[in-house]
Every structure is written in C-alpha cells, then in structure tokens.
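Contents: one structure, followed by commentary.
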Amino acid sequence: MGSSAQNEQGGLGRRDLIKRSAAIGVIAVPTMSFLSACASGDSGGDDKVEKGKKSAENPLAVNEKAQLEFVLFDGGFGKEYAEDANKIYEKKFSGAPKVKFLPTQKIQSTLSPRFNGGTPPDLIDNSGAEQMDMGVLVGKKQLADLRPLLDAPSVDDPNKKVRDTLRPGIVEMGQFDGDEVWILYYAYTVYGVWYSQKALDSLDAEYPKTWDEMLEVCKKAKKKDMAGWTYAGKHPYYLPFSLYPMIGKRGGRQVLDAIDNLEPNAWKHPAVKECFEAYYELYKKGYILKGTAGLDHIQSQTAWTEGKALFIPNGSWVENEAAKTMPADFNLAVSAPTGIDSSDKMPFGTMWASGGEPFIVPKQAKNAEGGMEMLRIMLSEESSKNFTGKVKSLSALNGGTDGLDLTPGLKSGVAALKLAGDNVVNPRLQDWYVQLQKEQIGTAALGLMMSGKLTPTETIKKIQDFADATAKDDSIKHYKHQ
C-alpha cells in the first residue's frame, strides 16, 4: 500500500524521499456506480463560493462567510481529532456557519451520488472499507491540486511552507504522474506483524527472524492453546501488510516494483513463491486460529487481544481500534516481517511504512479553499499533538510529539522504523489498483490460499492472471515506478 508514484510517461524517481515514510491506510473497492460517477462528474460546480481576501492570517483566501462541508471516515482513528480541528476553524471563521461535519464509514456509497451530481463536499477523509478508488479519482480529474496548501505558510512558522513541515515522502505519495499533488496523507504509521510482548515472553521466546524460528514459536504457542496467527479473514487484503514486505526482503525491492508495474510474470518470481509457501505452511500446520476465515478485522483483533492468537498482520491504527479489548498489561509491539533465512536480499528489519489516511479536496467543491485551510490547521503542532495523543498514531507533521507520553505500540513503531533505516518498502498496488489489490489478490486469491482452498502455485497463477488483465485494460490508468 516500491516507493514512488509515477506513470509510464515519466517523472522523477522519488525512492530516496519516500522509502523512509511510514503510515496507515485501509483501502477498499469502488463499485461501478462510483466509476460511472467519476465519468460524469464534470457537471455542476457553478455555485462555487467567491474567494475571500488573502492576508497573512488567511493565506489561502478563504471566504470568511462560507460554510465548510467535511466528510470524515469514522474508523480506527475515530472522529474526535477532526471535531477538535473543526472548533479551531469555526473560531477563526466565526462569521461563517458551523462546519457541516459528517463522520461515516460509508464513504463511497454516501459520496458517489454527490460526485455524480457535481456537488461533492469540500474535504473528504477517503478511507475505510468503502474508500473511493484514488486512481479513478485522479484519472477522471475529480480532485483539486493541493499545491496551494503546500506552498502556503505553516500555522506555526509563517516563514516555513506547509510542504517543508511534512515527514519524508508525504508530498510525493500524493502525486501520481506529475507535479500536482492530489492527496494529503495525514497519518504516518507502520504496517507489520503486531503482538503482545507479554504473550511472547510467556512462551520464553523472542520475535522470530527466520521462518524456521517462526514455526518454532507457533509450535510453542499451540502447546499453550494459543494459535500462532489470526487475521481479518473477511478482509484478507490485510495479509499483504506483512506478506509484501516479506517478499521484498526475500527478493529485493525490485520484485515489489515489478509487481506494482504490472510486469509480465512479476508474480512468478521465486521470492513470491517462497513467501506464499511459508504462509501456507501456517495453515497446513494448524497454526492459524480456527474460524479466522469468517472473522472481520474487529473480530480477529478481539480474538488476538483476548490471547487466542499471538500474531496479527495490521497497521498501527490497531492500537486505537482495539483499545477497548486490549488489556492494560498487553504491552503492544510491532515488528518487521520474519524472513525466510540468512540468504534474503534485504536485512531483518525491512518493513512496509507509508503515508495513510488520505484526505482529498474535490475539484468541484464549493469551498475548496476552506477544505485546504482545514488541512493547514490539522497540520499545525497543536492539532498534530492532539491527533497523536488521542489516536496513538503519528501525523504527517514532521515532529509534533514533544512532551507526549508515547504509548507502547507507538514506541514500538518508532523503534521498528529506526531499525529499518533505509530498508523501508512502499508497495503501491493498494492505491494504484484498488480493485486488483482488494477484491482479486486479497479476497479471490490470498483468502482462499490461507483457508486451504488454493495451493501457493494455484494462487500465484490466479493473481498473475488478474494482474495481466489489469495491465491490458485500457479503461484503467496505469502507473509505474521510475
């Protein structure tokens, strides 16, 4: 969810900027109604509000009397951090009506008719199980270029542009095939294998670095009536959070780039097969929690926090999302994926970290300047600290943690990133080709393999066929690493 976001027409390579970025994002699948909406979304938009007066206090020229409409994905991060930012915005623009704020988990079904009618809201947190397809939105020119926001002075230091306050890779991840920036990834989090350090200690075990060691730890867990693994069986696209970086560790980041580029036979690389066979062995040896295939993300996380399973592939939103069921002494930890053996191309510690929780401003928004101003407020130190303190995740602001007492999971994530150093990979399938990643690779392939309905060889063939079909589909905009 490689390291740059450029298409086949060219563009600057950005690996050195992005490879150290870290964040969260739960991705989902667009429906045909949304695809149709994007195709016809150029209608409407004639009733945009007039710009306000540009000033040092109002660098984006927000209309001070215009209402702002903000739709937020109400998921693992909740809505309180956004509500707090709304209050700051409302105080600043006290002559305008209160922010029209809608937290929802139904992003696509709620907003598809709005895009179709040319009347989208001004700011959207496009995340969750109904996330709208970013590639489609960009390809159909439905988004506003966020460079005015990035080039505006930051809230905390007027002498510093917003773009210069962001963590490495955030700006570049919002680009697809040019200099325009279409997405602002607000969270900055880590994907990997999550576990209870207390549970691992109870097995008198350390986190496994090789797959033989992983199987030994799972064997110890099984003897204590604890499964080695569980995962979101109803949403098996969570599996790549640890599986993709494992593939990169085994075969090198170029294997992941080839997969992202939809190159012929990319999925047939030996590293893919070895990693698939390793995960399949978890099923064959009975190390996956029984019933996992029927669990959603919340149910699998609950089983895990209850001690029924040791490991779970996830993103760092899990600390907040699973907080209600997580024991006080759980001692949450995250690690980079276990490798195959010492012959892996990349060292232990190689992990997936990238920008997540994508915020967008629709091109047809009535008050696009207001949407960008809300993001400018959210990228202040005050809002960033509020976000980190309340949802247990870093924000895109480079800093903003001074004086905060970091939680166990957050501390562990920071330590994991330090261990990874430059060995951070950033697969792009989940934002370049959402349907391929989620419905096809996840549900129709990996999910079946992990429940024993497909062998690794059959799974690879099926995924390669899906990738080839996507590559040949002229209706899909294609992107490539440079």
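Predicted, not measured: the structure shown is a model, and the values here were computed from it.
Residues Glu458 and Lys461 are not paired through a salt bridge, judged by the lack of any N-O separation under 4.0 Å between the basic side chain and the carboxylate. The pair Asp257-Arg253 does not count as a salt bridge, with every side-chain nitrogen at least 4.0 angstrom from each carboxylate oxygen. Salt bridge annotation for Asp341-Arg250: present, with a cationic side-chain nitrogen under 4.0 angstrom from a carboxylate oxygen. Ion pairing between a basic and an acidic side chain is recognised when a charged N comes within 4.0 Å of a carboxylate O; Arg114 and Glu69 show such pairing. A salt bridge links Lys366 to Asp47: at least one charged side-chain nitrogen sits closer than 4.0 Å to a carboxylate oxygen. By the 4.0 Å N-to-carboxylate-O rule, Lys79 lies too far from Asp74 to be salt-bridged with it.
Looking only at distances, a side-chain donor or acceptor of Arg167 sits under 3.5 Å from a matching main-chain atom of Leu397. Remark: side-chain polar atoms of Asn314 are not paired, donor with acceptor, to backbone N or O of Tyr191 under 3.5 angstrom. Between the side chain of Asp344 and the main chain of Met346, no donor-acceptor pair closer than 3.5 Å is present. Not one N or O on the side chain of Gln437 forms a donor-acceptor pair closer than 3.5 Å with the backbone of Leu429. Judged by distance alone, with hydrogens and angles left aside, the side-chain atoms of Asp122 form no donor-acceptor pair with the main-chain N or O of Ala365 at under 3.5 Å. A donor-acceptor contact shorter than 3.5 Å links the side chain of Thr305 to the backbone of Gln301. With hydrogens and angles disregarded, a donor-acceptor distance shorter than 3.5 Å links the side chain of Thr388 to the backbone of Ser393. Using a distance-only test at 3.5 Å, with no hydrogens or angles considered, no donor-acceptor pair links the side chain of Glu357 to the main chain of Asp125. In this structure, Thr165 contributes its side chain and Val162 its backbone to a donor-acceptor pair below 3.5 Å. At least one donor-acceptor pair closer than 3.5 Å links the side chain of Ser412 to the backbone N or O of Val334.
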Subject >> Evaluation steps, side-chain contact (heavy atoms from CB on, under 4.5 Å), between Met134 and Trp182 >> reply: CA-CA 9 Å; Met134 292 298 191; Trp182 307 114; over 6 Å; no
Subject >> side-chain contact (heavy atoms from CB on, under 4.5 Å) between Met374 and Phe359, intermediate numbers included >> reply: CA-CA 11 Å; Met374 178 64 82; Phe359 281 74; over 6 Å; no
Subject >> Residues Leu102, Leu72; criterion side-chain contact (heavy atoms from CB on, under 4.5 Å); working and verdict >> reply: CA-CA 6 Å; Leu102 175 64; Leu72 179 94; over 6 Å; no
**OP:** Could you go through the side-chain contact (heavy atoms from CB on, under 4.5 Å) check for Lys234 and His297 one step at a time?
**Re:** CA-CA 7 Å; Lys234 288 185 176 180; His297 58 301; over 6 Å; no
Original post:
Stepwise, does the ring-ring contact (aromatic ring centres under 6.0 Å, His included) test hold for Tyr186 with Phe387?
Top reply: CA-CA 10 Å; Tyr186 187 65; Phe387 175 78; 5.0 Å; yes
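Ring planes of His235 and Tyr237: tilted class, angle from 30 to 60°. Ring geometry for Tyr479 against Phe176 counts as perpendicular: the plane angle is over 60°, on a 0 to 90° scale with 30° as the lower cut. Note: Phe241 and Trp317 have perpendicular aromatic rings, judged against thresholds of 30 and 60 degrees for the angle between ring planes.
The closest side-chain heavy-atom distance from Phe466 to Trp267 is not below 4.5 Å. Counting only heavy atoms from C-beta outward, the side chains of Leu184 and Pro358 never approach each other to under 4.5 Å. Two residues are said to be in side-chain contact when any heavy atoms from C-beta on lie closer than 4.5 Å; Tyr244 and Ile259 fail this criterion. At a threshold of 4.5 Å between non-hydrogen side-chain atoms, the residues Asp145 and Lys363 do not count as touching. Within the 4.5 Å cutoff, side-chain heavy atoms of Pro240 are placed close to those of Leu446. Taking the side chain as every heavy atom from C-beta outward, Trp194 and Trp304 approach each other to under 4.5 Å. Considering only heavy atoms from C-beta on, Trp432 stays 4.5 Å or farther from Leu262 through its side chain. The side-chain heavy atoms of Lys285 and Leu215, taken from C-beta on, include a pair separated by under 4.5 Å.
Summarising the geometry of Asp296 relative to Ile298, their closest heavy-atom pair is OD1-N, 3.1 Å, with the distance given to 0.1 Å. Considering all non-hydrogen atoms of both residues, Ser127 and Ile107 come closest at O-CG1, 3.6 Å. Met351 and Ala336 make their closest contact through CB-CB, 3.8 Å (heavy atoms, listed as atom of the first residue, atom of the second, distance). Of all the heavy atoms in Lys273 and Thr457, the pair that sits closest is CE-OG1, 4.0 Å. Residues Phe348 and Lys249 approach most closely at N-NZ, 3.2 Å, considering heavy atoms. The shortest non-hydrogen separation linking Val193 to Ser242 is CG2-CB, 3.7 Å.
Using a 3.5 Å distance cut-off with no hydrogens or angles, the side chains of Thr292 and Thr230 do pair a donor with an acceptor. Checked by atom type, the side-chain pair Thr119/Gln364 shows no donor-acceptor distance below 3.5 Å. Side-chain contact, Ser475 with Asp473: a donor N or O sits under 3.5 Å from an acceptor N or O. Judged by distance alone, the side chains of Asp468 and Gln464 do bring a donor and an acceptor atom under 3.5 Å apart.
Aromatic ring centroids of Trp229 and Tyr238 lie 6.0 Å or more apart. For Trp211 and Tyr279, the ring centers are positioned less than 6.0 Å apart. Tyr287 and Phe311 have their aromatic ring centers separated by at least 6.0 angstrom.
Atoms CG and CE, from Leu243 and Met450 in turn, are 8.5 Å apart once rounded to the nearest 0.5 Å. Rounding to the nearest 0.5 angstrom, the gap separating the CG atom in Asp151 from the NZ atom in Lys161 is 4.5 Å. Considering OG of Ser154 and CG of Leu379, their distance stands at 9.5 Å, rounded to 0.5 Å. Atom CZ of Phe77 and atom NZ of Lys392 lie 11.0 Å apart (nearest 0.5 Å). Atom-to-atom distance recorded for Leu282:CG and Leu289:CG is 12.5 Å, nearest 0.5 angstrom. Separation of atoms CD (Glu172) and OG (Ser354) is listed at 13.0 Å; rounding is to 0.5 Å.
With Leu150 as the fixed residue, the side chain to side chain contact (heavy atoms under 4.5 Å, CB included) test singles out one of Arg376, Met372, Arg163: Arg163. Across Leu143, Ile360, Leu137, Thr110, a single residue satisfies side chain to side chain contact (heavy atoms under 4.5 Å, CB included) together with Ile124, and that is Ile360.
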